[in-house]
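First comes the structure, then the notes that go with it.
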Amino acid sequence: MKKIIYIIAISAIFTATGCSDYLDTENRFGKTSENFYQTPTDINEAIAGVYNAIYIPSPLSEEQLAANLLDNIMLGGGGPDDKAAKWVDNFEDPLEDTYRDLWIQSYFGITRANAIIEKTQKADFGQYFKTVEEANNFKAQAIGEAMFMRAFFYFRLAKFFGGVPLIVELAGDRYVGRATYSATFAQIASDLKGAIALMPATPFPSIPTANYGHATKWVAEAYLARVYLFYTGYMTNIEKQATTNLPLVEGGVITADDVTSYLNDCINNSGHALASDFRNLWPYSYVNISAGKTVLPWAATEDLSWVGQDGTTPTFGTGNYETMFVQRFSFGDWNWTNGPSYTNRLALFTGMRDNSLVPFGQGWGMGTVNPKLWNEWSDADPRKVGSIIQVGKAEQGTGGYVGDKGDHETGFFNKKYTAIQHPNAAGSNVGMFVQMYNWSNADMQLMHAQDFIYMRFADVLLMHSEITKTNTGMNAVRDRAGLPAIGYSLDAIKQERLHEFAFEALHWFDLVRWGDVNTAFNGTFPVRNSGKDANYSVKYRSETKGLMPIPETEIRLSNGVYTQNPGW
């Protein structure tokens with residue numbers, strides 16, 4: 001079952017070395033950095049532990065939930081007692097450690113990646129492979145994958161906190177001062193460049209099914225473009241230090257031409273491609289074959305068919321060539337340590353509050369959709385209805401919606417990541433993924449096994465257009481949506497990214513890097529707060545420069561070595 005249980009179990013093996021406090025864990029398996037990392041099995045288990053660090057105990061510390069609540073196209077929502085979501089939405093810190101789990105888990109992943117990079121370089125795997133070439137290829141993939149994941153975690157930290165402490169050796173001091181913004185991104189860029197050079201150019205779908213969900217050369221190339229755009233945009237538009245170059249640790253820079261070459265390689269050689277229909281990327285287009293009907297009424301009318309989320313040989317779906325890198329979710333369990341974090345809580349927390357319909361089940365009602373997005377989005381774009389749930393629409397399965405259950409109700413919810421359910425053989429409404437994978441626990445809080453997509457091929461095409469200032473990639477994405485070709489402009493790219501990636505935790509970071517964050521939160525609009533009419537507006541605080549607060553506990557533990565971000 002997507003191997004998530006294996007990853008959870010393996011992650012318990014590791015003892016982090018060279019650091020203190022949360023980077024130390026009890027070693028119950030007798031494995032240490034001195035006697036581990038000796039065999040390919042050791043390395044594969046260690047890599048599983050790196051990926052496990054993506055999972056975060058606190059929901060508000062999750063990148064996908066936090067970045068959506070911060071965004072101007074989603075509101076706080078939730079119930080009257082869900083103050084934390086409303087505070088995040090209004091750029092206030094609900095708790096002094098709101099984002100500490102993101103900080104901690106990122107450094108868990110970095111430390112584990114450091115161990116793989118250091119230990120694998122010294123290990124001799126010759127006896128485990130038929131040829132020296134096979135052994136060397138295994139070593140290169142392992143180190144490259146670890147370098148990518150270290151870059152992934154540092155990028156996640158940098159997007160939220162800016163410059164952070166750089167710990168790139170097992171023996172490194174945890175409480176070093178925060179690196180500069182540029183030094184942090186230099187480390188990220190150098191790791192991604194190294195990962196690209198090391199990992200093989202194996203086209204999708206030739207990658208073994210067992211490795212689906214792992215980083216590849218193509219993913220690293222795509223992420224280098226994302227890092228380039230974020231860094232150069234932030235420095236130019238927020239710090240007012242205009243640049244078109246991304247620095248490297250060893251000196252030198254990565255230029256727009258360099259990134260274009262990487263993207264061309266990804267586009268031409270990766271094997272990834274756009275899904276035939278944007279809506280087929282999302283579980284609401286799943287055809288419930290066992291029940292002899294579609295889950296969503298218009299899925300049949302529009303001849304939709306979910307591509308699934310298990311590569312090109314899926315258990316369910318028609319084969320997914322577009323998705324490139326994901327956070328793999330499964331089902332949680334209250335008896336597991338951090339068990340609820342293994343279910344997709346973006347789907348849970350932003351699902352419709354106290355409404356159990358078909359196909360859209362209930363959630364906590366956070367992240368209601370700003371009506372401005374709906375009103376300004378052309379009806380000619382099928383991604384509009386393909387991204388947003390309208391309540392009170394029988395043809396959308398929401399005719400039975402009962403309102404006034406939560407705050408900031410606008411009549412719109414995100415459709416990409418939401419609770420999906422349909423009747424089982426006994427006629428009871430049960431979660432779609434619970435039925436697909438025959439999972440025993442149908443708890444509505446633990447049933448969301450939908451992968452969260454970090455990178456898909458559409459982003460590669462749109463980034464290519466933005467960097468090269470050409471319209472080819474942009475119009476390929478528009479053509480997939482049935483929209484006419486247009487000429488390139490930055491404004492066109494901004495609109496295309498908004499409509500293609502709404503609710504995918506990218507738009508907030510786009511607003512920041514473009515400098516649009518300073519003007520994106522103007523306006524007041526009507527909402528319903530637990531049954532009462534109200535007006536709502538959000539005031540972004542420009543003094544924060546789009547950054548979140550360094551966790552106060554970390555500042556105290558560092559004895560003042562860490563400095564707080566401006567505005568917090």
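Computed from a predicted structure; not experimentally measured. Residue indices begin at 1 and follow the sequence shown.
A cation-pi arrangement is absent between R497 and F501 under the rule of less than 6.0 angstrom and at most 45 degrees off the ring axis. Both tests do not hold together for K159 against F161: distance to the six-membered ring centre under 6.0 Å, angle to the ring axis within 45°.
Ring geometry for F325 versus Y51: interplanar angle of 30 to 60°, hence tilted. Y181 and F185 have tilted rings, their planes meeting at an angle from 30° to 60° on a 0 to 90° scale.
We find the CH2-CD distance between W508 and E63 to be 13.0 Å, quoted to the nearest 0.5 Å. Rounding to the nearest 0.5 Å places CD1 of I453 at 6.5 Å from CG of N320. Atom CG of residue D258 and atom CG of residue L263 lie 11.0 Å apart, to the nearest 0.5 angstrom. Remark: L346 CG to H448 NE2 distance equals 10.0 Å, nearest 0.5 Å. Expressed to the nearest 0.5 Å, how far CZ of R279 lies from OG of S285 amounts to 9.0 Å. Put simply, OH on Y234 and OG on S182 are 11.0 Å apart, with the number rounded to the nearest 0.5 Å.
The closest side-chain donor-acceptor pair between E504 and Q64, if any, does not fall under 3.5 angstrom. Under the 3.5 Å distance criterion, with hydrogens and angles disregarded, a donor-acceptor pair is assigned to the side chains of Q564 and E552. Remark: the N264 side chain and the N268 side chain contain no N/O donor-acceptor pair separated by less than 3.5 Å. Between the side chains of N280 and S305, no donor N or O sits under 3.5 Å from an acceptor N or O. There is a side-chain donor-acceptor pair under 3.5 Å between N414 and T350. For the residue pair N565 and R178, a side-chain donor N or O sits within less than 3.5 Å of a side-chain acceptor on the partner. With hydrogens and angles left out, the side-chain atoms of E118 and N114 include no donor and acceptor closer than 3.5 Å.
Between R480 and D277, no side-chain nitrogen of the basic residue sits less than 4.0 Å from a carboxylate oxygen of the acidic one, so the salt-bridge criterion is not met.
Remark: side-chain polar atoms of Q435 are paired, donor with acceptor, to backbone N or O of H422 under 3.5 angstrom. Although no hydrogens or angles enter the test, the distance criterion places no donor-acceptor pair under 3.5 Å between the side chain of S206 and the main chain of T202. Side-chain atoms of S58 never come within 3.5 Å of backbone atoms of D101 as a donor-acceptor pair (strictly under, hydrogens ignored). The backbone N or O of I555 sits less than 3.5 Å from a side-chain atom of S558, completing a donor-acceptor pair. Here the side chain of K217 pairs no donor or acceptor atom with the backbone of A195 at under 3.5 angstrom. One N or O on the side chain of D42 and one on the backbone of Q38 form a donor-acceptor pair closer than 3.5 Å.
Looking only at side-chain heavy atoms (C-beta outward), Y262 and L224 come within less than 4.5 Å of each other. A heavy-atom distance below 4.5 Å is not found between the side chains of R100 and S61. The closest side-chain heavy-atom distance from L248 to I254 is below 4.5 Å. For the pair M147/S190, no side-chain contact is recorded, criterion being any heavy-atom separation below 4.5 Å from C-beta on. Taking the side chain as every heavy atom from C-beta outward, E322 and R456 approach each other to under 4.5 Å. The shortest distance between side-chain heavy atoms of L157 and L102 falls below 4.5 Å. Contact of the P340 side chain with the Q445 side chain is not registered, since no non-hydrogen atoms from C-beta on lie closer than 4.5 Å. With a 4.5 Å cut-off on side-chain heavy atoms, V50 and F153 count as touching.
Nearest heavy-atom pair across A183 and L166 is O-CD1, 3.7 Å. The shortest non-hydrogen separation linking V434 to N441 is CG2-O, 4.0 Å. Taking each heavy atom of S341 and F329 in turn, the nearest pair found is O-CE2, 3.6 Å. Counting all heavy atoms, side chain and backbone alike, A225 lies closest to I467 at CB-CD1, 4.2 Å. The minimum heavy-atom distance between I196 and A220, with the atom names listed, is CG1-CB, 3.6 Å. The heavy-atom pair separating S465 from G473 by the smallest distance is OG-N, 3.2 Å.
Y454 has its ring centre less than 6.0 Å from the ring centre of F452. For F108 and Y55, the distance between ring centers is not under 6.0 angstrom. Here Y107 and W103 bring their ring centres to under 6.0 angstrom of each other. The aromatic ring centroids of Y321 and H272 lie 6.0 Å or more from each other. Separation of the F138 and Y128 ring centroids does not fall under the 6.0 Å cut-off. Ring-centre distance between F503 and W282: not below the 6.0 Å cut-off.
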Please lay out, stage by stage, how T255 and V259 fare under the test side chain to side chain contact (heavy atoms under 4.5 Å, CB included).
CA-CA 6 Å; T255 67; V259 178; over 6 Å; no

Could you walk me through whether M324 and V460 pass the side chain to side chain contact (heavy atoms under 4.5 Å, CB included) check?
CA-CA 10 Å; M324 298 176 67; V460 172; 3.8 Å; yes

Kindly determine whether W218 and D265 satisfy side-chain hydrogen bond (donor to acceptor under 3.5 Å, both in side chains), including the steps that lead there.
CA-CA 8 Å; W218 321 115; D265 185 35; over 6 Å; no

Working note: W306 + Y284, criterion side chain to side chain contact (heavy atoms under 4.5 Å, CB included); need CA distance, chi angles, decisive distance, verdict.
CA-CA 8 Å; W306 184 45; Y284 60 67; over 6 Å; no

Go through it in stages, so that I can follow the logic: the residues are H464 and T472, the test is side chain to side chain contact (heavy atoms under 4.5 Å, CB included), and I'd like the CA-CA distance, side-chain angles, deciding distance and then a yes or no.
CA-CA 9 Å; H464 187 275; T472 303; 5.8 Å; no

Apply the test side-chain hydrogen bond (donor to acceptor under 3.5 Å, both in side chains) to residues Q141 and N137: give CA-CA distance (whole Å), side-chain angles for both, the deciding distance (0.1 Å), then the verdict.
CA-CA 6 Å; Q141 172 66 25; N137 288 342; over 6 Å; no

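The ring pair (Phe, Tyr, Trp, His ring centres under 6.0 Å) test with Y223 is passed by exactly one of Y154, F148, Y228: F148.
Applying the side-chain hydrogen bond (donor to acceptor under 3.5 Å, both in side chains) rule to R513 yields the partners E466, D510; only residues at least two apart in sequence or on another chain are considered.
For CD of E250, the number of neighbouring non-hydrogen atoms (other residues, nucleotides, ligands) closer than 6.0 Å is greater than 12.
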